Enquirer: 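Mind having a look at this structure? Questions to follow.
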Number of protein chains: 2
Amino acid sequence: MFTPVKSTKVYEHVINQIQEMVMDERLKKGDKLPPERELAELLGVSRTSIREALRALQVMGLIESKQGEGNFIRSNFDDTLFQPLSVIFKLQESKPEEILELRKMLEIETAALAAHKITDQEIEELKFIMNQLKECEDEDRKVRLDKEFHYKIADISKNSLIVNILSVISSLMDFFIKDARKIILSNEKNKEILIEHHEDIFNALSKKNATEASICMAKHMEFIYINCIN
Amino acid sequence: MFTPVKSTKVYEHVINQIQEMVMDERLKKGDKLPPERELAELLGVSRTSIREALRALQVMGLIESKQGEGNFIRSNFDDTLFQPLSVIFKLQESKPEEILELRKMLEIETAALAAHKITDQEIEELKFIMNQLKECEDEDRKVRLDKEFHYKIADISKNSLIVNILSVISSLMDFFIKDARKIILSNEKNKEILIEHHEDIFNALSKKNATEASICMAKHMEFIYINCIN
């Protein structure tokens, strides 16, 4: 029997080659790519194919083009997964609850992991964010500090995949549950409860108590879920 | 002060327009896009820009081109996140342990969620996969059935984001911890333990007992973690 031959286009070959160079560690983050002309010669393809491949890699968020300087492998991937996942989310007709459900499970377990790994220096850094959050009166700044608190806990987990995934979930929340954070944070009744939640999470982490950290985070996430959905 | 103007290229505009049509639900999964010529007229840009945009969207895994039929919005996104995440993983110099750590936390919580949501029909379906896994002698088929068992639990959670994320984690495992599954599954000493684990997880789910399901899954994940890393 015959099976159809999948035609790989020239620009796809170029993309594959660049990806392979990343996998082989011949290209690292921040590295400058050779100029288009040189790439075309190296790979024996037209400059048009090189340009198509570079554009696709730019759209994917893996390389960035700096005016007059050339193309570089990106160093920051905080928003790389957002574009594909937000489109998938919409096409799958997913519901906002699914974002909160996923965030809840990840944040609970990340808090536990962070409690195991937190250093004394990081306890101070997290405390600094929490104190700013407590004293902050400006609603927009509060939203940013709240995000920063959660981002810091992901960071303390020392697992870059968790940071990537929680970062894309956070962007999905901002996009699909618009202003949810601000509405929750600016509600007078919630203000004290939320400060208390963050303090409880901080205290558990500073004691390096994983069970307590996950219980406190679960309580916080449950509260957010109920307030976002209703 | 002046801030640099970020130049948005024509093909980026085209991508943004197509993404907006997805967000507005004017384009749904499986939909056929207008021919390139028509798109160029509709958006008032050159066919070259249209082609560049479509290629980038193809590379991102959001559209697929069918020979002689045209371009379609994809319906299956199981591998869409793999390409960007695997490159990010490599560029961040992440460690294989991070994949297992993330998988562990998600699978534990997904098992609990699935226990809440499982239907009687799904209990039968999961039982069917488990029985095949128990009787299977072929190592490769066993790997596939093991994956199917875990995929089914994600499916039962009825959260498509969880399915997407677990699917990309599974691909990362296959790619960065090569043959790990096969090595674990084909070890004579492990065989009985693994069957027992899957049975315990199945039993907890069939009783719709979330706590038990997560405890059994945690035990299973811990075992896999230790066997993959050492």
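This is a predicted model, so every value here is computed, not measured. In what follows, chains carry the letters A, B, and so on, assigned in the order in which the sequence lines appear, proteins first and then strands, with residues in each chain numbered from 1.
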Enquirer: Got a sec, which residues hit salt bridge (charged side-chain N to carboxylate O under 4.0 Å, His left out) with Glu97(B), two or more places apart in sequence or on another chain?
Expert: none
Enquirer: Taking all non-hydrogen atoms of both residues, which atom of Glu98(B) and which atom of Leu161(A) are closest, and how far apart?
Expert: OE1-N, 3.6 Å
Enquirer: Side chains of Met105(B) and Ile162(A), heavy atoms from C-beta outward: is any pair under 4.5 Å?
Expert: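 Yes, side chains in contact.
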Enquirer: Could you have a look at Gln92(A), Lys29(A), Lys95(A) and say which one has the most heavy-atom pairs with chain B under 4.5 angstrom?
Expert: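 Among the listed options, the one with the most contacts to chain B is Gln92(A).
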Enquirer: Determine the minimum heavy-atom distance between Thr80(B) and Pro84(A), stating which atoms define it.
Expert: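 Smallest interatomic distance, heavy atoms only, reads CG2-CB, 4.5 Å.
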Enquirer: Rounded to the nearest 0.5 Å, how far does CD of Gln83(B) lie from CE of Met60(A)?
Expert: 4.5 Å
Enquirer: Compare all side-chain heavy atoms of Leu85(B) with those of Leu81(A) and state whether any distance is below 4.5 angstrom.
Expert: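 They are in contact (side-chain heavy atoms under 4.5 Å apart), so the answer is yes.
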Enquirer: What's the separation between atom CG in Asn76(B) and atom CG in Leu91(A), rounded to the nearest 0.5 Å?
Expert: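 Going from CG on Asn76(B) over to CG on Leu91(A), the span is 12.0 Å.
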Enquirer: Select, from Gln19(B), Arg55(B), Glu93(B), the one with the greatest count of heavy-atom pairs under 4.5 Å involving chain A.
Expert: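 If we count pairs closer than 4.5 Å to chain A, Arg55(B) comes out on top.
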Enquirer: Sort out for me which of Ile15(A), Leu113(A), Ile108(A) touches chain B most, counting heavy-atom pairs under 4.5 Å.
Expert: Leu113(A)
Enquirer: For the atom pair CG (Asn164(A)) and OG (Ser94(B)), what is the distance rounded to the nearest 0.5 Å?
Expert: 7.0 Å
Enquirer: Is it true that atom CZ of Arg37(B) has more than 12 heavy atoms of other residues, nucleotides or ligands lying nearer than 6.0 Å?
Expert: no
Enquirer: For Thr110(B), is it the side chain, the backbone, both, or neither that has a heavy atom closer than 4.5 Å to a heavy atom of chain A?
Expert: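 Both backbone and side chain.
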Enquirer: As an exercise, state the distance from CD1 of Ile165(A) to CD1 of Ile165(B), rounded to the nearest 0.5 Å.
Expert: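 With rounding to 0.5 Å, CD1 (Ile165(A)) is 4.0 Å from CD1 (Ile165(B)).
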Enquirer: Looking only at heavy atoms, which two atoms of Lys90(A) and Met23(B) are closest? And how far apart?
Expert: CE-O, 3.2 Å
Enquirer: Determine whether more than 12 heavy atoms belonging to other residues, nucleotides or ligands lie under 6.0 Å from atom NZ of Lys208(A).
Expert: yes
Enquirer: Quick check for you: among Ser157(A), Gly61(A), Ala112(A), Ser86(A), which has the greatest number of heavy-atom pairs under 4.5 Å with chain B?
Expert: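 The answer is Ser86(A).
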Enquirer: Is Thr48(B) close to chain A through its backbone or its side chain, or both, or neither, when contacts mean heavy atoms under 4.5 Å?
Expert: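 For Thr48(B), neither part sits under 4.5 Å from chain A.
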Enquirer: Can any side-chain N or O of Glu52(B) pair as donor or acceptor with the backbone N or O of Glu52(A) at less than 3.5 Å?
Expert: no
Enquirer: At their closest point, which heavy atom of Asn159(B) faces which heavy atom of Glu101(A), and how far apart are they?
Expert: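 It is ND2-OE1, 2.8 Å.
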Enquirer: Side chain, backbone, both or neither: which part of Ser75(A) has an atom under 4.5 Å from a heavy atom of chain B?
Expert: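 Answer is neither: Ser75(A) stays 4.5 Å or more from chain B.
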Enquirer: With a 4.5 angstrom heavy-atom cut-off, is it the side chain or the backbone of Leu106(A) that approaches chain B, or both, or neither?
Expert: both
Enquirer: For residues Gln58(B) and Tyr11(A), is any side-chain donor paired with an opposing acceptor at under 3.5 Å?
Expert: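 A donor-acceptor contact under 3.5 Å links the two side chains.
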Enquirer: Given a strict heavy-atom distance threshold of 4.5 Å, which part of Ile73(A) is in contact with chain B: side chain, backbone, both, or neither?
Expert: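 Interface part for Ile73(A): side chain.
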Enquirer: Identify which part of Lys158(A) has an atom lying under 4.5 Å from any heavy atom of chain B, answering side chain, backbone, both or neither.
Expert: backbone
Enquirer: Leu62(B), Leu172(B), Asp31(B), Leu57(B): which one forms the most heavy-atom pairs within less than 4.5 Å of chain A?
Expert: Leu62(B)
